[in-house]
Peer 1: 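The structure under discussion is supplied below as structure tokens; questions concerning it will follow.
Nothing here was measured: the structure is a model prediction, and the numbers come from that model. So that the names make sense, note that chain A is the first sequence line, chain B the second, and so on, each numbered from 1.
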Amino acid sequence: MPNSSLQSRPVRVRFAPSPTGDLHVGNIRTALFDWAYARHTGGTFIFRIEDTDTDRVTDEYIQAAIDTLKWLGLNWDEGPEVGGEFGPYLQSQRLDKYAYWAAKFLEDGFAYHCYCSADELEAVREAQRKANVAPGYNGHCRSLTSDQIAAFVADGRKPVVRMRMPDGSTTFTDLIRGEVTFDHNFVPDFVLVRADGSPLYTLAVAVDDVMMKVTHVLRGEDLLSSTPRQIRVYQAMGIPEAEFPLFAHLPFVMGQDNAKLSKRNGEVSIAWYRERGFLPEAICNYLALLGWSPGEDREDVSMKELTELFTVERVHSSPARFDMKKLEAINGDKIRALTPEEFLNRSLPFLKDAKVVTGSDEEIALLKKALPIIQERVATLAEIPAMLKFLFVSEFEVDQDSLPKISDPESKKLLQVAFDRLQSVSEWNHDSIEAVLRTALIEEMGLKPRIAFSAVRIAVTGSHISPPLFESMELLGRESSLSRIKSSI
RNA sequence: GGCCCCGUCGUCUAGCGGCCUAGGACUCUGGCUUCUCAAGUCAGCUACGAGGGUUCGAAUCCCUUCGGGGCUACCA
């Protein structure tokens, strides 16, 4: 199929979700590739909402989709909130356009009214299944006489508009899969407009892609088999073949059990990852590696690098499984790469939500000193509150599961020694704290470091897992550190 | 069932006829480091679904087969 003329057209890519729920991992991977392709080619990224199924799409989900894309940094050039010369970008606001084309198709003979009822259609399908033949509309209403139509109308039946698929086949070149052909024997006449007059996806998507001058359609693999239907609509609209968009069907993102990702086999909503303390750039970096790779054993890519490196040619044709462990690893890498300022800014909302801090100047000052010692210790931002809580609590208590570890006589004795000797520390900083404790507990008492410091750690931080002990004590301050040790004795 | 897509370590991938006794990353196992947890570091485990071709030579090309997935709506 010739399409060389497209090279001269400016690239226009769209991400067109149907927000029937929170945007999920698969949607976002598609959005990311759409965005990266547009940016890589210097083209236009269009964000369009496919809300023709008004029963399932809500304003709330639409807003959530907008927020999610923004949060991820996938900025669009045309679409909701920013507008554009081919708007509106909500299909529910474009109904007149679909109605126009549906009427035109009827008039030109590309489409026809179908009066079959849902029950009748189901009966046909059932029979086809039994007879083991290709399922699909049987063409019952393709050429009704005016008498037949009159009878249906008199009967009170409301027709749908159905597209007439001609004999033959449709072949197109998928940018990822190569040449794909569908025999029209397996592409039944499909519905364009419901009996209530509302348009279906198949009509709206094709009309909009043409009207918005979309040049490249990068979308999920589940839409592959609907492509010949869209092409049929282009043809009916009278669009020259050279102006058809180019298609690229992206492989699925699968869940752990090798089924299409869903709530059953892992959390899929991006909002969930956001709350769990994942960085948007980590999510994008990880998702970019699902079905694509920059090659050369490279894995760490920034958003900017992604736009520089991304090409559809390097997109895989096989599905990828989502691996939370790898996402966590990348998230940890991205966190470690944050500047201290960024790390503070990203951590603060989580600390506030967990009620660890309120955001006062004193708290911020302490955080600026505390955050660097935990930055390499967390894989997600959500882990931070628990790690720093001991620095901010007013009513300190040792964790229940750690308490027994310092309740024995040996521990009490050790803590008493630590308490006594720590009194003499002139300058309260981690170096002198460490020096004093090493001398008293390791050298003089002959204890093993991990035993001795573990007890002090539990007494001071309340847990057997904490940031580095001496730094923690320095930040906590002499008074609190000593009183906590004292109360454990 | 029919049509279509897909098939390299457990997972994500590199590979596009000789550079492959198949490389990297995550996970896992073991070691080092070490005040805990991490981080870092070293090593190890483990793959071309199977069977036929084509070729001097195949993970790479072709066929068959098996396996996985999608579609099969007045959903998208």
Side-chain angles (χ1 to χ4, degrees), chain A residues 16-18 20 50-53 55-57 114 116-118 121-122 125 128-137 158-162 174 176-177 180-183 185-188 190-196 198-202 204-205 219-228 249 251-252 254 256 258-260 286 289-300 316-330 332 336 374-379 383 387 434 437-438 441-442 448-458 461 463-470 472:
Chain A
S18 181
T20 55
E50 313 235 318
D51 55 348
T52 51
D53 187 356
D55 289 346
R56 300 199 302 156
V57 178
C114 167
C116 294
S117 69
L121 293 172
E122 183 49 44
R125 261 181 244 123
Q128 288 166 330
R129 251 193 298 275
K130 282 213 174 93
N132 226 348
V133 297
Y137 186 64
K158 292 254 189 290
V160 298
V161 177
R162 211 177 264 282
D174 185 284
I176 293 169
R177 287 151 216 282
V180 182
T181 299
F182 286 90
D183 188 319
N185 288 323
F186 308 108
V187 185
F190 55 98
V191 177
L192 297 170
V193 181
R194 295 184 180 90
D196 68 3
S198 63
L200 248 24
Y201 168 81
T202 339
V205 71
R219 45 143 53 157
E221 186 189 336
D222 50 334
L223 270 352
L224 181 63
S225 52
S226 81
T227 306
H249 290 92
F252 283 122
M254 318 288 276
Q256 303 298 339
N258 205 24
K260 208 174 150 187
Y286 175 63
L289 265 20
L290 252 33
W292 176 82
S293 95
E296 295 173 347
D297 293 339
R298 185 146 177 216
E299 294 206 323
D300 180 20
H316 268 237
S317 47
S318 53
R321 230 164 305 228
F322 184 83
D323 180 11
M324 180 76 85
K325 282 278 202 294
K326 179 104 178 183
L327 205 212
E328 284 172 356
I330 289 177
R336 268 168 246 126
I374 64 158
Q375 187 163 0
E376 68 176 26
R377 307 185 132 70
V378 294
E383 296 166 31
M387 274 191 168
E434 176 167 10
L437 290 180
R438 278 196 188 279
L441 306 178
I442 314 303
K448 285 213 160 37
R450 66 183 300 131
I451 304 289
F453 297 145
S454 174
V456 180
R457 177 190 317 283
I458 291 168
T461 70
S463 168
H464 65 281
I465 297 173
S466 84
L469 178 60
F470 313 116
S472 295

Peer 1: In this structure, how many angstroms lie between the C1' atom of G10(B) and the CE atom of M254(A), rounded?
Peer 2: 16 Å
Peer 1: Roughly how many Å apart are U64(B) and C26(B), using the C1' atom of each and rounding to a whole number?
Peer 2: 36 Å
Peer 1: Could you tell me how far G70(B) sits from G18(B) if I compare only their C1' atoms? Round to whole Å.
Peer 2: 38 Å
Peer 1: Closest-nucleotide mapping onto RNA chain B: is D297(A) or A329(A) further toward the 5' terminus? I mean the 5' end.
Peer 2: D297(A)
Peer 1: Under 4.0 angstrom, heavy atoms only, what part of the nucleic acid is V160(A) near: base, sugar-phosphate, or nothing?
Peer 2: base
Peer 1: For S472(A) versus T461(A), what's the shortest heavy-atom pair and its separation?
Peer 2: CB-CG2, 4.4 Å
Peer 1: What's the closest nucleotide to the D222(A) side chain, out of C71(B), A73(B), G24(B)?
Peer 2: C71(B)
Peer 1: Set out, line by line, the N/O atom pairs under 3.5 Å between protein and nucleotides 36-39 of chain B.
Peer 2:
unit_1	atom_1	unit_2	atom_2	d
U36(B)	OP1	R450(A)	NH1	3.4
U36(B)	O2'	H464(A)	O	2.9
U36(B)	N1	R457(A)	NH2	3.3
U36(B)	O2	S466(A)	N	2.8
U36(B)	O2	S466(A)	O	2.9
U36(B)	N3	R457(A)	NH1	3.4
U36(B)	N3	S466(A)	O	2.6
U36(B)	O4	R377(A)	NH2	3.2
U36(B)	O4	P468(A)	N	3.3
C37(B)	O2	R377(A)	NE	3.0
C37(B)	N3	R377(A)	NE	2.9
C37(B)	N3	R377(A)	NH2	2.8
C37(B)	N4	R377(A)	NH2	2.8
A38(B)	O2'	E376(A)	O	2.9
A38(B)	N1	E376(A)	OE2	3.1
A38(B)	N3	E376(A)	OE2	3.4

Peer 1: Under a 3.5 Å limit for both distances, which nucleotide forms a Watson-Crick or G-U wobble pair with U11(B), could you say?
Peer 2: A25(B)
Peer 1: Closest to the S18(A) side chain: A76(B), U13(B), G24(B)?
Peer 2: A76(B)
Peer 1: Would you indicate what S198(A) reaches in the nucleic acid, counting non-hydrogen atoms under 4.0 angstrom: base, sugar-phosphate, or nothing?
Peer 2: nothing
Peer 1: For L223(A), which contact category applies under a 4.0 Å heavy-atom criterion: base, sugar-phosphate, or nothing?
Peer 2: base
Peer 1: When you check the side-chain N and O atoms of R194(A) and S198(A), is any donor under 3.5 Å from an acceptor?
Peer 2: yes
Peer 1: Just the rounded figure in Å: distance from C1' of C26(B) to NZ of K326(A).
Peer 2: 4 Å
Peer 1: Could you tell me how far G49(B) sits from G68(B) if I compare only their C1' atoms? Round to whole Å.
Peer 2: 11 Å
Peer 1: Rounded to the nearest 0.5 Å, what separation is found between the CZ atom of F322(A) and the CE atom of M254(A)?
Peer 2: 14.0 Å
Peer 1: Mapping P188(A) and P449(A) onto RNA chain B by nearest heavy atom, which one lands closer to the 5' end?
Peer 2: P449(A)
Peer 1: Is a salt bridge present between R125(A) and E122(A), judged by a nitrogen-to-oxygen distance below 4.0 Å?
Peer 2: yes
Peer 1: Between A39(B) and C32(B), how many Å separate the two C1' atoms, rounded to a whole number?
Peer 2: 14 Å
Peer 1: If pairing requires Watson-Crick or G-U wobble contacts with both distances under 3.5 Å, which nucleotide is the partner of G40(B)?
Peer 2: C32(B)
Peer 1: Would one find a side-chain N or O of R298(A) under 4.0 angstrom from OP1 or OP2 of C12(B)?
Peer 2: no
Peer 1: Nearest 0.5 Å, please: how far is CZ in F453(A) from CZ in R438(A)?
Peer 2: 4.5 Å
Peer 1: Do you know which two heavy atoms are closest between P228(A) and V187(A), and how far apart they sit?
Peer 2: CG-CG2, 4.2 Å
Peer 1: Enumerate all atom pairs, one protein N or O and one N or O from nucleotides 3-9 of chain B, separated by less than 3.5 Å.
Peer 2:
unit_1	atom_1	unit_2	atom_2	d
C5(B)	O2'	R177(A)	NH1	2.4

Peer 1: Using atom CG of L200(A) as one end and atom C1' of C71(B) as the other, report the distance to the nearest whole Å.
Peer 2: 15 Å
Peer 1: Of all the heavy-atom pairs spanning R336(A) and V378(A), show the shortest one and how long it is.
Peer 2: NH2-O, 4.5 Å
Peer 1: Base, sugar-phosphate or nothing for A195(A)? Non-hydrogen atoms, less than 4.0 Å.
Peer 2: base
Peer 1: Whether T52(A) contacts A76(B) is assessed here as follows: a side-chain N or O lying under 4.0 Å from the phosphate OP1 or OP2. Is that the case?
Peer 2: yes
Peer 1: Provide the distance between the two P atoms, one in C42(B) and one in C48(B), to the nearest whole Å.
Peer 2: 28 Å
Peer 1: Only pairs with both distances under 3.5 Å count, Watson-Crick or wobble alike; so what is the partner of U54(B) in this structure?
Peer 2: none
Peer 1: Is there a side-chain contact (heavy atoms from CB on, under 4.5 Å) between D196(A) and K158(A)? Walk through the geometry before answering.
Peer 2: CA-CA 8 Å; D196(A) 68 3; K158(A) 292 254 189 290; over 6 Å; no
Peer 1: How far does the C1' atom of C19(B) sit from the matching atom of A58(B), given to the nearest Å?
Peer 2: 15 Å
Peer 1: Could you walk me through whether E328(A) and Y286(A) pass the side-chain contact (heavy atoms from CB on, under 4.5 Å) test, one step at a time?
Peer 2: CA-CA 9 Å; E328(A) 284 172 356; Y286(A) 175 63; over 6 Å; no
Peer 1: Please determine if a side-chain N or O atom of R194(A) lies less than 4.0 Å away from the OP1 or OP2 oxygen of C75(B).
Peer 2: yes
Peer 1: In whole angstroms, how far is the C1' atom of C12(B) from the CZ atom of R321(A)?
Peer 2: 10 Å
Peer 1: Search all heavy atoms of G220(A) against all heavy atoms of H249(A) and return the closest pair with its distance.
Peer 2: O-CD2, 3.4 Å
Peer 1: Write down the distance between CG (D300(A)) and C1' (G24(B)), rounded to a whole number of angstrom.
Peer 2: 14 Å
Peer 1: Do L441(A) and V456(A) come within less than 4.5 Å of each other through their side chains, counting heavy atoms only?
Peer 2: yes
Peer 1: In whole angstroms, how far is the C1' atom of A25(B) from the CG atom of L289(A)?
Peer 2: 8 Å
Peer 1: Rounded to whole angstrom units, what separation is found between the CZ atom of F322(A) and the P atom of U27(B)?
Peer 2: 14 Å
Peer 1: For a quick check of understanding: with a heavy-atom distance under 4.0 Å over all strands, which category does E299(A) fall into, base, sugar-phosphate or nothing?
Peer 2: base
Peer 1: Provide the distance between the two C1' atoms, one in G52(B) and one in C20(B), to the nearest whole Å.
Peer 2: 23 Å
Peer 1: Any idea which heavy atoms bring D51(A) and V57(A) closest together, and the distance?
Peer 2: CB-CG1, 3.7 Å
Peer 1: Under 4.0 Å, heavy atoms only, any strand: does G291(A) hit a base, just the sugar-phosphate, or nothing?
Peer 2: sugar-phosphate
Peer 1: U60(B) and U27(B): how far apart are their P atoms, nearest whole angstrom?
Peer 2: 31 Å
Peer 1: Using atom NZ of K325(A) as one end and atom P of C26(B) as the other, report the distance to the nearest whole Å.
Peer 2: 14 Å
